[in-house]
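Heads up, the thing below is written out as C-alpha cells.
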Amino acid sequence: MSYDTQLFKLLENKRIADGVFSWTVKNSELSALAECGQFVNIKVPGRTLRRPISICDKDEDTLRLVFQVKGEGTKIMSEMRVGSEVEILAPLGHGFDIKKGRRYCFVGGGIGVPPLLFAAKQTENPLVITGFRSKNLVILQDDFKEIGSELYLTTDDGTDGIHGFVTDVLKEHIGEVDEVCACGPLPMLKAVAAVCKDKVKCQVSLEERMGCGIGACLVCSCKTKVGDEEVMTQVCRRGPVYMAEEVFFGG
Amino acid sequence: MADLSVNICGVEFKNPIIAASGTFGFGREFSELYPLSNLGGVSSKGITLEPRDGNPTPRIAECESGILNAVGLQNPGVDHFIEYDLDWLKAQDTVVIANIAGNTAEDYCAMADKLSASSVDMIELNISCPNVKCGGVQFGTQPDSVASITAEVKKHCKKPLIVKLSPNVKDIAEIARAAESAGADALSMINTLTGMRIDINTARPIIHNNTGGMSGPAVFPVAVRMVWQAAGAVKIPIIGMGGISKWQDAVEMLMAGASALQVGTALFNDPYAPLKINNGLNDFMDENGYNSIKELTGIVEPY
C-alpha cells in the first residue's frame with residue numbers, strides 16, 4: 001500500500017499567522033509512509049472536493065499540516081475542533097529527492113514554505129530562504145532555526161527581515177550550495193529556476209487545483225518535458241515535485 | 001444476501017455499480033486502494049482516435065454539493081489504450097467499458113472498428129462531453145444527429161453499444177427514442193450539465209475553459225428526472241448516473257428506471273464510495289425483501 005484514506009485524530013489546530021493554521025493529526029499507519037514533499041487530501045465536512053495540503057512535518061505517528069484559509073473549505077478546516085476525526089487520503093505524490101552529502105538550499109514563498117521544513121530536516125546544514133508578502137504572514141521561523149538552518153527571511157514590503165525577494169538572497173548564496181528545492185507561487189519558482197540554471201540542480205514543487213488526488217481524473221495535468229518529449233503529467237501523481245527543467249513556466 | 005448481479009445487453013455485471021468515465025482513469029490508481037473486482041464495471045476515461053492534451057488548467061471548480069470540470073478529453077489515444085491499458089484492466093475481473101469521443105463520425109467509427117477487435121466488453125458512445133470545441137456534445141443535442149451518429153457507429157460496432165446522453169437538451173425522451181431507434185443497445189445518462197463559476201476577486205472564470213460540466217449531488221434530482229423520462233420512452237436498458245453519492249441515491253435511481261449505475265464525482269469525496277454504495281444497496285434489498293436489482297428497476301409509482 002502506498003496510500004489510503006483513513007481517519008486521523010486532530011491533536012492540534014493552531015493559528016500561526018494571519019489566516020494560517022497548523023494542524024497536527026494522528027494516524028500511525030499512514031504517517032509512517034509519508035515522505036518529504038508529499039501531500040495529503042483532506043475530506044472537509046459538507047464539501048464535495050477534498051483539500052490538498054502539503055506535509056509540513058511528521059513525527060512517529062503524526063503529520064503536521066500547515067494551510068492558509070483561502071476559501072470555504074479551508075475556513076471549515078480552520079474551525080475544526082481538536083479531538084475530532086478527519087478523513088485524510090495520504091500520502092500522495094512524489095516528493096523531494098534528497099541525497100546524502102549534498103548541501104541544499106530551500107527556497108519558499110508564502111504558503112509554499114511549509115513542505116520545505118520536512119525536506120530541510122532530511123539534510124545537514126540547510127540554507128533556508130523564506131519569503132512572505134508582509135510580517136503578519138511570516139511562519140515557521142523558529143522551526144527552521146531549531147533544526148540548525150542558516151535561515152533568511154524576506155518580506156515584499158520590508159516589514160520583517162530583508163526588504164526584497166527570495167531570489168535576491170538566493171543569488172548571493174547560490175555558490176554555497178549543491179542543489180535548490182523550491183515551493184511557492186509560480187512566478188517565484190520561475191525566478192528561482194532562472195537563478196539556478198546552468199549552476200545547480202533545482203527541484204520545484206507545483207500547485208494545481210485537484211480532483212481525485214491520485215492521478216486518475218487528470219484535472220491537475222500540466223505539460224512537462226520528460227527527456228525530449230513533451231508529455232502531460234499529473235501534478236498530484238508525477239508531481240508535485242519536478243525538476244525545474246521539466247516544467248513549462250509560461251510567459 | 002440479495003442478488004446484485006445485472007445483465008446489460010448480454011454482459012454480466014456482478015453488481016450494478018460502475019465507475020464513471022473520466023473520474024477513474026483506466027483504473028490503476030484506484031486499484032491501489034481496493035481490487036477493482038469489487039466493482040460491477042469500469043467505464044474508461046474518454047478515449048479519442050489520437051492522443052489529446054486536454055484543456056489548460058485550472059480544470060476544476062467546486063460549487064454547492066458538486067463540482068464543475070473541463071478536462072477536455074485528455075487521453076493517450078485509442079491505440080495506446082488497447083496496447084497498454086486494456087489487458088491490465090481486463091485482468092481485474094470487472095466489466096470493461098470503453099468510452100469513446102470523436103471530432104467526426106469517421107473518428108467514432110474508426111475507434112469502434114479497433115475496439116470491436118479488442119477484448120473490451122462494451123462501448124460507450126460519448127456524444128455529450130461539453131468541454132471540447134468539436135466532438136462530443138454537438139452530436140448529442142438534436143434527435144436527428146443522435147440518431148445518425150448512433151446508426152453510423154452501430155455499423156462498425158461488434159460490441160454492445162451504450163449511448164451516453166447529454167442533459168443539455170430540450171426533450172430527453174425524444175433524444176432517448178432517437179438513440180434507441182438508431183440501434184443503441186443501452187443508454188447511459190446523464191453526462192454533466194454545463195455550468196460556470198467566477199472568481200469574484202479577479203472577475204475571471206475559475207475554470208480556464210470558462211465553462212465546465214457540473215456534476216455531483218447537486219445534479220442528482222435532474223438525473224433522476226431524466227432517467228425516469230427516458231425510461232418511459234424506451235425499452236433498452238438505462239445505466240443511470242449523475243450525482244449518485246450514497247446508497248439511497250442508488251436505490252432512487254434504480255426505482256426511476258435505471259438497470260445499472262455509474263458513480264463518478266463521489267469518488268473525489270470518498271474513493272471507496274462505490275463499495276459503500278454497493279454494500280448499502282445490498283442491505284436495503286435484504287431488509288426490504290428485494291431479491292434482485294430487476295425488482296427495483298423502474299418501480300416508482302408516479303402520481
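We use all heavy atoms of the structure for the numbers below, so side chains are in, but hydrogens, waters and symmetry mates are not.
No donor-acceptor pair closer than 3.5 Å links the side chain of A:Arg209 to the backbone N or O of B:Pro58.
The parts of B:Ile60 that come within reach of chain A are both its backbone and its side chain, each placing non-hydrogen atoms under 4.5 angstrom from that chain. A:Glu230 does not touch chain B: none of its heavy atoms, backbone or side chain, sits under 4.5 Å away. Using a 4.5 Å cut-off between heavy atoms, A:Glu207 does not touch chain B at all. For chain B, the nearby parts of A:Arg47 are the backbone and the side chain; heavy atoms of each come within less than 4.5 Å.
If you tally non-hydrogen atom pairs under 4.5 Å between each of B:Gln74, B:Glu64, B:Glu29 and chain A, the highest count goes to B:Glu29. Note on B:Thr57, B:Ile67, B:Asn75, B:Leu267: by heavy-atom pairs under 4.5 Å with chain A, the leading option is B:Thr57. Of the listed residues (B:Phe24, B:Phe30, B:Phe26), the one with the most heavy-atom contacts under 4.5 Å to chain A is B:Phe30. The candidate with the highest count of non-hydrogen atom pairs below 4.5 Å against chain B, out of A:Gly71, A:Ser221, A:Cys212, A:Cys220, is A:Ser221.
Here the shortest heavy-atom pairing between A:Arg50 and B:Pro271 reads NH2-CD, 3.8 Å.
To the nearest 0.5 angstrom, A:Leu218 atom CG is 10.0 Å from B:Asn69 atom CG.
Counting heavy atoms of neighbouring residues, nucleotides and ligands inside a 6.0 Å radius, atom NZ of A:Lys135 does not exceed 12 of them. Within 6.0 Å of NE2 in B:His80 there are more than 12 heavy atoms belonging to other residues, nucleotides or ligands. At most 12 non-hydrogen atoms from other residues, nucleotides or ligands lie less than 6.0 angstrom from CD of A:Glu60. More than 12 heavy atoms of other residues, nucleotides or ligands shown are found within 6.0 angstrom of NZ on A:Lys225.
Here the side chains of B:Val71 and A:Val219 are in contact, with some heavy-atom distance below 4.5 Å. Using a 4.5 Å heavy-atom cutoff, the side chains of A:Met210 and B:Arg59 are not in contact. With a 4.5 Å cut-off on side-chain heavy atoms, A:Ile214 and B:Leu33 count as touching.
In summary, the side chains of B:Tyr34 and A:Asp4 do not present any donor paired with an acceptor at a separation below 3.5 Å, with no hydrogens or angles considered. Counted by atom type alone, A:Thr48 and B:Glu62 present zero donor-acceptor pairs between their side chains at under 3.5 Å.
Checked for salt-bridge contact, A:Arg237 and B:Glu32 meet the test: a charged N lies under 4.0 Å from a carboxylate O.
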Check the pair A:Lys43, B:Asp270 against side-chain contact (heavy atoms from CB on, under 4.5 Å), reporting the backbone distance first and the verdict last. CA-CA 8 Å; A:Lys43 187 165 165 172; B:Asp270 180 1; 4.1 Å; yes
